[in-house]
Amino acid sequence: MIRKVLIANRGEIAVRIIAACREAGLATVAIHSEADREALHVRLADESVCIGPPYAKESYLNITSIIAAAEITGADAVHPGYGFLSENAQFAEVVQECGLTWIGPPPGAIRLMGDKATARRTVAARGVPVLPGSPEPLQTREQAVELAHSIGFPVILKASAGGGGKGMRVAHDARELRHAFDTARHEAERAFGVPDVYLEKYLTQPRHIEIQVIADRFGKVVALGERECSIQRRHQKLIEEAPSPVITPELRKAMGDAAAAAAKAVGYESAGTVEFLFQDGQFYFMEMNTRIQVEHPVTELVTGVDLVLEQLRVAQGERLSVTRTPKLSGHAMEFRINAEDPETFAPSPGTVSFLALPGGPGVRLDTHLYRGYRIPPYYDSLIAKLIVYGSDRQEVLRRARRALSMFVVEGIKTTIPLHLKILEDGDFKAGNLSTRFMDRFLSSR
Ligand code: ADP
């Protein structure tokens, strides 16, 4: 049995995990960098350990220090959150080798899904639809050009080891592709240490729709419905919602079955997300994220399942509390609030001098903000997730306007004004979404 959980993360997700542990009656250990001494997760955890200097490489990514912190405090389990070491199979292995419980999927599943070309091949072999493309990484430019001619332009090159939107390049013709091939390989090598790239058909107006899954050690995999995450800027999600305005019960079932098949193909356990592109009524596997995701709360609100509590159950060898896909009830939408200039998106770290948090019917706020908190410049700019719930999409839109307009943060710039503008957009209100939405929205400002 787990008694004490070390949370290998910071910010709102560290606070979210502490909340689940407290509910489950488990003690918590926060780790933090020198820049995060005053962070909320440090204050809320039962114990805390400083693990190094501000730069993540020397603290939140420092495996040796994190394991030492677990040993010093007698923690018996590690929750990695998202980002940082959450999809690092080696970290998961080290945690397990040290006799600690890893609150996440098996290292082998992380490794396999972490190589996108291999992931694509593996799930395709189980009948999960993928876009036409290269099964193996491409060796030469000419190989890429030949394949692109056979599947038709436009195509997208992606880093096999990729993530966070890095190492992706779209090409509309052979000339562009030759050029993109070298840049994508170079970018992949620099960002991930591996130059491998593969190619697939590029969809011009797709929706990003993903399926949340949860799996236990007994081979049970349950799909928990979809989240639509088409509102993105530079491949980074800004707004997510569940259910998707375009997914019918039949499609939900088909996508859920495909996602479960993908999870089973790698012996998955814990919470994970299978991402699909959706266009003209068809869905195609993109990748699997082998961790809890930023946008997990929207699924929690429409299914009633606490995903972090489920992760804790699975890690302790218990069975899932849900045995089949629940009927989705109501509608939920998450707005990612970043400490950024809402016009230029330049980061805006600094001290929060005044703070009024929204509440009231249908509002959940996952945040690590407090008045007087000094947002350090070293990490991700996400400072709060406003999640709004209602009986249908229209009610959610009304509640979102109310909650965003009553969310006051002073001392720094935030993306709250951007979200309020998106809420006024005709296409957004009508649910006419695609991953190109923000390009259109920003160019028409
Ligand atoms: P990452 O792991 O770097 O986030 P993904 O493979 O998840 O990369 O893709 C991120 C985003 O890139 C998607 O949400 C989508 O907007 C866009 N994208 C990826 N592949 C395609 C494709 N074949 N056609 C069109 N857009 C794509």
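Atoms within each ligand, like the ligands themselves, are counted from 1 in listed order. Heavy-atom basis, side chains included; hydrogens, waters and symmetry copies ignored.
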Report yes if some heavy atom in the side chain of His331 is under 4.5 Å from a heavy atom in the side chain of Ser391; otherwise report no. no
I want to confirm something. Looking only at heavy atoms, which of His208, Gln279, Arg207 is nearest to atom 14 (O) of ligand 1? His208
Atom indices of ligand 1, in the order listed, that fall short of 4.0 Å to a heavy atom of Thr435: 16 (O)
Looking at atom 11 (C) of ligand 1, what's its closest protein heavy atom, distance included? His235 ND1, 3.4 Å
Can you check whether Tyr202 has an N/O within less than 3.5 Å of an N/O in ligand 1? no
Report the C-alpha separation of Arg227 and Thr273 in whole Å, then their side-chain angles, then the decisive distance to 0.1 Å, and conclude whether the side chain to side chain donor-acceptor pair (under 3.5 Å) test is met. CA-CA 10 Å; Arg227 292 185 286 259; Thr273 298; 3.0 Å; yes
Determine whether the aromatic ring centres of residues Phe278 and Phe283 are separated by less than 6.0 angstrom. no
Return the closest protein heavy atom for atom 10 (C) of ligand 1 as residue, atom name and distance. Met168 CE, 3.8 Å
Less than 3.5 Å between some nitrogen or oxygen of Leu203 and one of ligand 1, yes or no? yes
Starting from atom 3 (O) of ligand 1, which protein heavy atom do you reach first, and at what distance in Å? Gly165 N, 2.4 Å
Taking the side chain as every heavy atom from C-beta outward, state whether Ile110 and Trp102 have any atom pair closer than 4.5 Å. yes
ring-ring contact (aromatic ring centres under 6.0 Å, His included) contacts touching residues 413-441 (sequence neighbours left out): Phe335-His419, Phe437-Phe441
Checking the side chain of Gln212 only, and the main-chain atoms of Ala223 only, is there a donor and an acceptor separated by less than 3.5 Å? no
With the side chain counted from C-beta on, respond yes when Gln293 and Glu275 share a heavy-atom pair under 4.5 Å apart, and no when they do not. yes
Lys116 heavy atoms, cut-off 4.0 Å: which ligand 1 atoms fall inside? 1 (P), 2 (O), 3 (O), 5 (P), 6 (O), 8 (O)
Check ligand 1 against Leu131 and write out every atom of the ligand that is under 4.0 Å from a heavy-atom position of the residue. 23 (N)
Within the 4.0 Å heavy-atom cut-off, what Lys201 brings close to ligand 1 is backbone
Could you tell me which atoms of ligand 1, counted from 1 in the order shown, lie closer than 4.0 angstrom to a heavy atom of Glu275? 7 (O)
Ignoring hydrogens and angles, state whether a donor on the side chain of Glu340 or Ser381 is under 3.5 Å from an acceptor on the partner side chain. yes
Side chains of Asn9 and Leu85, heavy atoms from C-beta outward: is any pair under 4.5 Å? no
Ser33 and Tyr379 side chains, donor-acceptor separation under 3.5 Å: yes
Closer than 4.0 Å to some heavy atom of Glu287 - which atoms of ligand 1 meet that? 1 (P), 2 (O), 4 (O), 5 (P), 7 (O), 8 (O)
Suppose we measure from atom 19 (C) of ligand 1 to each protein heavy atom; which comes out shortest, and what is that distance? Lys158 NZ, 3.3 Å
Counting each atom of ligand 1 from 1 as listed, which ones have a heavy atom of Met286 under 4.0 Å away? 6 (O), 9 (O), 13 (C), 14 (O), 19 (C), 20 (N)
Only heavy atoms of Glu200, strictly under 4.0 Å: list the atoms of ligand 1 that pass. 20 (N), 22 (C), 23 (N)
May I ask you to identify, for Thr204, whether its side chain, its backbone, both or neither come under 4.0 Å of ligand 1 on a heavy-atom basis? neither
To check your reading of the model: name the closest protein heavy atom to atom 21 (C) of ligand 1, its residue, and the distance in Å. Leu277 CD1, 3.3 Å
Strictly under 6.0 Å, is that where the ring centroids of His208 and Phe276 end up? no
